[in-house]
*Asks:* 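Can you read through this structure? Questions will come right after.
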2 protein chains.
Amino acid sequence: MTEIVPIIHIIDDDDSVRKAVSRLLKAAGYAVKSYATSGEFMMAENLESPGCIVLDVRMPGPSGLELQSALARRGNGLPIIFLTGHGDIPMSVRAMKAGAVDFLTKPVQRQELLSAVQNALDRQAKHLSEQTRNQHIRECYATLTEREREIMAHVVEGKLNKQIAATMGIAERTVKAHRAQVMSKMQVDSLADLVRTASGLEPSDG
Amino acid sequence: MTEIVPIIHIIDDDDSVRKAVSRLLKAAGYAVKSYATSGEFMMAENLESPGCIVLDVRMPGPSGLELQSALARRGNGLPIIFLTGHGDIPMSVRAMKAGAVDFLTKPVQRQELLSAVQNALDRQAKHLSEQTRNQHIRECYATLTEREREIMAHVVEGKLNKQIAATMGIAERTVKAHRAQVMSKMQVDSLADLVRTASGLEPSDG
DNA sequence: AACCGTATTGCACCAAAGGGCAGTCTGATT
DNA sequence: AATCAGACTGCCCTTTGGTGCAATACGGTT
């Protein structure tokens with residue numbers, strides 16, 4: 001069993017800060033990776049695996065806030081904990097609005113950072129499992145033909161086969177055929193499941 | 001038609017600030033009510049109707065943050081915009097974590113406040129309509145008998161009448177009878193609707 | 001030309017869902 | 001004692017849903 005260990009990504013241009021934070025987190029049992037710039041981080045590999053980011057705001061090159069929005073644009077779900085020595089209120093508010101888990105100021109209390117990291121990892125775990133589930137649903141949905149999707153939409157709306165057949169101008173038998181395909185391809189065995197599954201397709205976070 | 005107008009509640013101990021903010025918002029066409037203390041606000045009536053709160057943090061008596069958590073405890077959904085002259089980062093972060101729409105600093109830009117208020121009202125409108133819908137669902141659910149709720153749970157899970165009858169140790173005909181009651185009382189006319197309706201019962205925000 | 005996936009449909013049959021009607025039983029209320 | 005709501009059930013019938021089998025038609029591929 002190679003257990004999947006979450007990785008804490010530390011991004012800070014200050015070498016001493018990186019080392020200090022890294023040491024603190026390693027001592028707490030976390031796997032840590034450090035980067036001196038946003039760009040260096042973006043080059044890394046494990047950007048989609050579980051973990052979180054401890055991010056400095058003010059850095060040479062792209063700032064922490066810029067990195068945050070860049071990650072958001074490409075749908076990266078890694079939670080971010082800001083850690084800065086030269087922040088102000090508008091900056092922190094902007095970061096929090098953009099979804100940051102926390103916004104801490106240096107010097108940071110050991111416990112403060114640790115609990116922030118724990119929160120971040122919890123959030124990430126939840127986000128990741130939901131993501132995985134929705135991903136599977138989308139893959140199933142992708143195997144549906146255009147026609148099957150139309151039928152599915154009607155079925156999920158609660159329409160009767162008869163009604164669907166009427167509005168689509170086809171025989172009820174055909175609706176049944178497509179419907180069976182939908183149930184099979186979506187890997188559900190009850191209408192209730194299909195409806196729930198379908199709700200995992202619409203949401204905004206995609 | 002007496003159109004329902006959202007009310008902006010301004011809570012600030014500084015008389016001049018109240019007047020200034022009030023004037024600004026009235027000029028923008030909003031209905032405004034002012035309060036000098038958190039307690040005074042809690043005495044008001046329209047605490048559940050549409051609107052939002054523009055709140056000072058530092059005040060005699062309960063602070064803005066205390067008022068925020070008090071409102072949260074009693075499930076009040078009024079969005080809060082903090083407006084303070086003596087804030088710091090931890091304070092703003094705490095407020096944002098607790099669900100504040102924004103955390104502004106005095107002196108505030110006219111446009112900054114107005115867009116914050118607009119955001120708050122939008123959020124409130126969304127929250128309110130969802131709340132209303134869920135409220136109706138809960139009322140319907142409240143009319144179900146214990147037995148009917150059991151059947152509903154199984155139905156929503158996608159179980160067949162036959163299976164439900166077996167696990168509950170009753171006749172299938174009885175299940176059908178209860179099931180019909182459930183559909184009627186929940187005011188839905190398809191299983192799909194019932195499943196969706198049921199999803200409005202579970203969520204955490206209750 | 002042969003083949004395949006998709007859409008379409010008819011026929012027949014069985015399983016499941018929905019109701020109408022009627023009746024029993026129990027506990028609580030009047 | 002009378003009444004009522006809720007749970008429970010049987011009988012019977014209709015409507016829907018789900019499937020197997022078979023066949024037609026069309027467009028794209030090999």
Side-chain angles (χ1 to χ4, degrees), chain A residues 133-202, chain B residues 133-202:
Chain A
R133 179 177 156 282
N134 286 354
Q135 184 55 37
H136 178 246
I137 293 176
R138 281 194 217 90
E139 284 168 5
C140 291
Y141 189 73
T143 69
L144 296 184
T145 66
E146 217 17 64
R147 211 57 170 159
E148 285 160 359
R149 285 175 199 171
E150 292 179 56
I151 267 75
M152 173 168 160
H154 286 119
V155 170
V156 168
E157 274 182 29
K159 303 288 176 56
L160 301 181
N161 288 342
K162 182 190 297 184
Q163 298 173 316
I164 300 174
T167 59
M168 292 183 67
I170 56 181
E172 190 181 334
R173 182 65 184 80
T174 310
V175 175
K176 288 185 181 179
H178 288 314
R179 185 171 180 154
Q181 276 293 307
V182 170
M183 298 296 284
S184 167
K185 288 184 176 178
M186 294 303 289
Q187 297 176 20
V188 295
D189 58 349
S190 73
L191 175 56
D193 279 343
L194 185 68
V195 173
R196 264 188 296 275
T197 296
S199 76
L201 283 171
E202 292 292 341
Chain B
R133 178 177 158 282
N134 285 355
Q135 184 54 37
H136 178 247
I137 293 176
R138 282 195 216 90
E139 284 168 6
C140 291
Y141 190 73
T143 70
L144 297 184
T145 67
E146 214 21 61
R147 213 56 171 157
E148 286 161 357
R149 285 176 200 171
E150 292 179 55
I151 266 76
M152 174 168 160
H154 285 119
V155 170
V156 168
E157 274 183 28
K159 304 287 176 57
L160 300 181
N161 287 343
K162 181 189 298 184
Q163 298 174 317
I164 300 174
T167 60
M168 292 182 68
I170 57 181
E172 191 181 331
R173 183 66 186 82
T174 310
V175 175
K176 289 185 182 179
H178 288 315
R179 186 170 180 154
Q181 277 292 307
V182 170
M183 298 295 283
S184 167
K185 287 184 177 179
M186 294 303 288
Q187 297 176 21
V188 296
D189 59 348
S190 73
L191 175 56
D193 278 343
L194 185 68
V195 173
R196 264 188 296 274
T197 296
S199 76
L201 283 170
E202 293 291 341

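As a basis for the values below, the full set of heavy atoms in this structure was taken, side chains included, without hydrogen atoms, waters or symmetry mates. So you know, we letter chains A, B, ... as the sequences are listed, proteins then strands, and number each from 1.
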*Asks:* Examine dA5(D): is either OP1 or OP2 under 4.0 Å from a nitrogen or oxygen in the side chain of T145(B)? Give yes or no.
*Replies:*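 The answer is no; no side-chain N or O of T145(B) sits under 4.0 Å from OP1 or OP2.
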*Asks:* Rounded to whole Å, please give me the gap between CZ in R147(B) and C1' in dT9(D).
*Replies:*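 Computing the R147(B):CZ to dT9(D):C1' distance gives 13 Å.
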*Asks:* DNA chain D: E146(B) or K159(A), which has the more 5' nearest nucleotide?
*Replies:*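 Checking each residue's closest nucleotide, the 5'-ward one belongs to E146(B).
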*Asks:* E139(B) side chain to H136(B) main-chain N or O, any donor-acceptor pair under 3.5 Å?
*Replies:*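 Looks like no, no N/O pair under 3.5 Å.
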*Asks:* How many angstroms lie between atom OH of Y141(A) and atom CE of M152(A), to the nearest 0.5 angstrom?
*Replies:*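 Reported value, rounded in 0.5 Å steps: 6.0 Å.
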*Asks:* Would you kindly give the CZ-to-C1' distance between R179(A) and dT6(C), to the nearest whole Å?
*Replies:* 20 Å
*Asks:* Using a cut-off of less than 4.0 Å, is there contact between a side-chain N or O of N161(A) and OP1 or OP2 of dT16(D)?
*Replies:*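 Checking dT16(D) against N161(A), no side-chain N or O comes under 4.0 Å of OP1 or OP2.
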*Asks:* I need the CD-P distance between E148(B) and dA5(D), as an integer number of Å.
*Replies:* 14 Å
*Asks:* Strictly distance-based, threshold 3.5 Å: is any side-chain N or O of R196(B) a donor or acceptor partner for the main-chain N or O of V156(A)?
*Replies:* yes
*Asks:* Taking C-beta and beyond as the side chain, do Q187(A) and D193(A) meet within less than 4.5 Å on heavy atoms?
*Replies:* no
*Asks:* Reckon K176(B) has a side-chain N or O less than 4.0 Å from the OP1 or OP2 of dG19(C)?
*Replies:*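 Negative; the distance criterion is not met.
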*Asks:* For the side chain of K162(A), starting at C-beta, report the closest nucleotide among dT16(D), dA7(D), dA16(C).
*Replies:*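 The nucleotide sitting nearest to the side chain is dT16(D).
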*Asks:* Are the side chain of R149(B) and the backbone N or O of A142(B) linked by a donor-acceptor pair below 3.5 Å?
*Replies:* yes
*Asks:* Mind calculating the distance between CG (D189(B)) and C1' (dG18(C)) to the nearest angstrom?
*Replies:*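 Rounded to the whole Å, the gap is 13 Å.
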*Asks:* Can you tell which of dT9(D), dA17(C), dT9(C) lies closest to the side chain of A171(B)?
*Replies:*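 For A171(B), the side-chain atoms sit closest to dT9(D).
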*Asks:* What does R173(A) touch in the nucleic acid at a heavy-atom separation under 4.0 angstrom: a base, only the sugar-phosphate, or nothing?
*Replies:*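 Result for R173(A) = base.
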*Asks:* Check the distance between dG10(C)'s C1' and E172(A)'s CD and give it to me in whole angstrom.
*Replies:*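 Roughly 13 Å, once rounded to whole Å.
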*Asks:* Once you round it to whole Å, what is the distance between P of dA7(C) and CE of M168(A)?
*Replies:*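 Nearest whole value for this atom pair: 10 Å.
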*Asks:* Could you state the atom-to-atom distance from CD1 of I151(A) to P of dT16(D) in whole Å?
*Replies:* 18 Å
*Asks:* Between dG18(C) atom C1' and L194(B) atom CG, what is the distance in whole Å?
*Replies:* 15 Å
*Asks:* Which nucleotide in the list dT8(C), dG20(D), dA16(C) gets nearest to the side chain of T174(A)?
*Replies:* dT8(C)
